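Note that the coordinates shown come from a computational prediction; the quantities given were computed from them, not determined experimentally.
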Amino acid sequence: MAMLLLSLVVMVGSGIGLVYWLGRVLDWGSPGEAAMAVLCGVLLCLAVLILPGLKVLKPQEALVLTLFGKYKGTLKGDGFYFVNPFCVGVNPAADTQLGQSKDVQTSKLRGPRDQDASSKKLSMKLMTLNNSRQKINDCLGNPVEIGIAVTWRITDTAKAVFNVDNYKEFLSLQCDSALRNVVRVYPYDIAPDVDTTGDGQADDGSLRGSSEIVAARIRDEIQQRVEQAGLEIVEARITYLAYAPEIAAVMLQRQQASAIVDARKLIVDGAVGMVEMVLERLSEKHTVDLDDERKAAMASNLLVVLCGNHDAQPIVNSGSLY
């Protein structure tokens, strides 16, 4: 603020002095008057030159400064600053946007709302990257479509600006690579004889059933890759998971068949228990004495009734039991 007031005072004073001494010079003034006019002009130029050194930062913003190609430091924290007017802000990812629902896009045409995006300031806020869905083969070779949302932020501004060409594009590519490496280790559903942890023993890990573990593993893998870029991965979440369209119908039939088999198994177990209970009750109370052949026939009839898909149509026998 002091430099702003100083530059304004110098500009006003030198401007008035320049007009005054130029008037004296035009009236056949002396060489001394011409020197004063030149001095006022120089002071006016210096005051104008100071203005580019005034910087305003909002909360959670940073500005990386270089002086003739040499890194001089980073401004952090909201406030009004004055730096060397010849210092230049550097942000190679200024024109790169990471949208909430789209991949990296670089656009030359921006509206009034995108003016801050094209500045050289770095945002220190938490940001979200949601790349488009990736088609990846799981450990069994089945193609699946998966998408993740990554929450990240800049922790080291110098590394983000100077260690990589474009830290936003670098993050997007590393997210894709880490996602592919992790997904290839897991099956979509629980499968036998599959080792997802690398300890040499089969486990129950899967993309659908172990989403929290898979997301944490993806986050750790991305963090290792972007450490050199001064980025921190706060969280990674799976936002979409499904079989690829070319095998989705077949896998749906497989899941339906598995569900039907499990349901049939439960029905049969229950029916066998009920048949055993009926035969035991009849034998205990001696209600009806049945030989082995009649017991087998009764068990068969009961199983047909209990395991059938449709309601049974009873037939009443009005004759003798035998």
Side-chain angles (χ1 to χ4, degrees), residues 57-66 69-78 88-106 116-117 119-134 136 138-139 146-186 195-199 205 207 210-241:
L57 293 182
K58 301 176 184 177
Q60 297 296 324
E61 282 187 346
L63 184 62
V64 178
L65 299 174
T66 60
K70 184 177 181 181
Y71 173 64
K72 300 303 293 183
T74 301
L75 292 179
K76 292 183 180 181
D78 56 304
V88 178
V90 181
N91 184 7
D95 292 328
T96 303
Q97 290 181 318
L98 293 179
Q100 291 283 339
S101 58
K102 53 188 176 181
D103 279 330
V104 175
Q105 290 189 357
T106 302
D116 292 340
S119 67
K120 299 301 181 180
K121 300 174 184 177
L122 280 74
S123 176
M124 308 297 291
K125 303 174 184 178
L126 287 175
M127 291 173 282
T128 302
L129 166 65
N130 191 353
N131 276 1
S132 57
R133 301 167 186 172
Q134 305 292 322
I136 309 170
D138 64 3
C139 68
I146 185 171
I148 59 170
V150 179
T151 304
W152 63 283
R153 63 185 172 192
I154 300 175
T155 55
D156 192 319
T157 55
K159 287 183 178 181
V161 171
F162 299 116
N163 283 8
V164 293
D165 182 56
N166 187 317
Y167 62 88
K168 291 183 179 179
E169 292 181 354
F170 179 77
L171 172 64
S172 178
L173 293 175
Q174 296 305 321
C175 287
D176 292 344
S177 177
L179 179 62
R180 291 183 178 275
N181 288 342
V182 174
V183 170
R184 288 170 181 168
V185 178
Y186 288 87
D195 177 22
T196 62
T197 58
D199 57 359
L207 295 175
S210 309
S211 58
E212 295 291 335
I213 298 176
V214 175
R217 192 166 178 177
I218 293 173
R219 178 207 167 278
D220 295 338
E221 177 116 0
I222 299 173
Q223 183 61 62
Q224 293 178 1
R225 295 171 178 266
V226 301
E227 190 72 32
Q228 59 183 337
L231 306 180
E232 178 189 359
I233 307 301
V234 179
E235 187 182 38
R237 291 287 179 182
I238 297 177
T239 57
Y240 181 84
L241 177 63

| task | Kindly indicate whether the side chain of F162, heavy atoms from C-beta on, has any atom under 4.5 Å from the side chain of V64. | result | yes
| query | Do L241 and S211 come close enough that some side-chain heavy atom pair is under 4.5 Å? | reply | no
| said: When you compare the side chain of K121 with that of N91, does any pair of heavy atoms fall below 4.5 Å? | reply: no
| task | Give every residue pair that meets the salt bridge (Lys or Arg N to Asp or Glu O under 4.0 Å) criterion with at least one member in residues 222-235, sequence neighbours excluded. | result | R153-E232, E221-R225, E235-R237
| task | Return the set of residues passing side chain to side chain contact (heavy atoms under 4.5 Å, CB included) with K125 (not counting sequence neighbours), or none when no residue passes. | result | Q60, S123
| remark: To the nearest 0.5 Å, atom CD1 of I148 lies from atom OH of Y240 at 15.5 Å
| request: Before giving the answer on side chain to side chain contact (heavy atoms under 4.5 Å, CB included), spell out for L231 and I154 the whole-Å C-alpha distance, their side-chain angles and the decisive distance to 0.1 Å. | output: CA-CA 5 Å; L231 306 180; I154 300 175; 3.8 Å; yes
| message | Using 0.5 Å steps for rounding, measure from the CD1 atom of I146 to the CD1 atom of I238. | response | 4.0 Å
| field | Heavy-atom side-chain proximity of V185 to V214 below 4.5 angstrom | value | no
| query | Got V150 and I218 here, is their nearest side-chain heavy-atom distance under 4.5 Å? | reply | no
| said: Return the CG to CG distance between D176 and N181, rounded to the nearest 0.5 Å. | reply: 11.0 Å
| request: Identify, with sequence neighbours excluded, every residue that meets side-chain hydrogen bond (donor to acceptor under 3.5 Å, both in side chains) alongside Y71. | output: T74
| field | Full working for side chain to side chain contact (heavy atoms under 4.5 Å, CB included) between L171 and I233 | value | CA-CA 10 Å; L171 172 64; I233 307 301; 3.8 Å; yes
| said: Contact between V226 and F170 at the side-chain level, heavy atoms closer than 4.5 Å - yes or no? | reply: yes
| remark: With sequence neighbours left out, the residues meeting side chain to side chain contact (heavy atoms under 4.5 Å, CB included) with A215 are none
| query | Is any side-chain heavy atom of T157 closer than 4.5 Å to a side-chain heavy atom of K76? | reply | yes
| note | CG of N163 to CD of Q228, rounded to nearest 0.5 Å, is 7.0 Å
| message | D199: which residues meet the side-chain hydrogen bond (donor to acceptor under 3.5 Å, both in side chains) condition with it, sequence neighbours left out? | response | T197
| task | Identify the heavy atoms of Y167 and A93 that sit nearest to each other, and give their distance. | result | CE2-CB, 3.5 Å
| request: Report the distance from atom CG of L129 to atom SG of C175, rounding to the nearest 0.5 Å. | output: 5.0 Å
| Can you name the side-chain hydrogen bond (donor to acceptor under 3.5 Å, both in side chains) partners of R219, sequence neighbours left out? | none
| Which heavy atom of I136 sits nearest a heavy atom of R184, and at what distance? | CG2-CG, 4.1 Å
| query | Which residues pass the side chain to side chain contact (heavy atoms under 4.5 Å, CB included) test with I213, sequence neighbours left out? | reply | Y186, S210
| remark: By side-chain hydrogen bond (donor to acceptor under 3.5 Å, both in side chains), D156 pairs with (sequence neighbours left out) none
| note | Nearest heavy-atom approach of T239 to A149 is CG2-CB, 3.6 Å
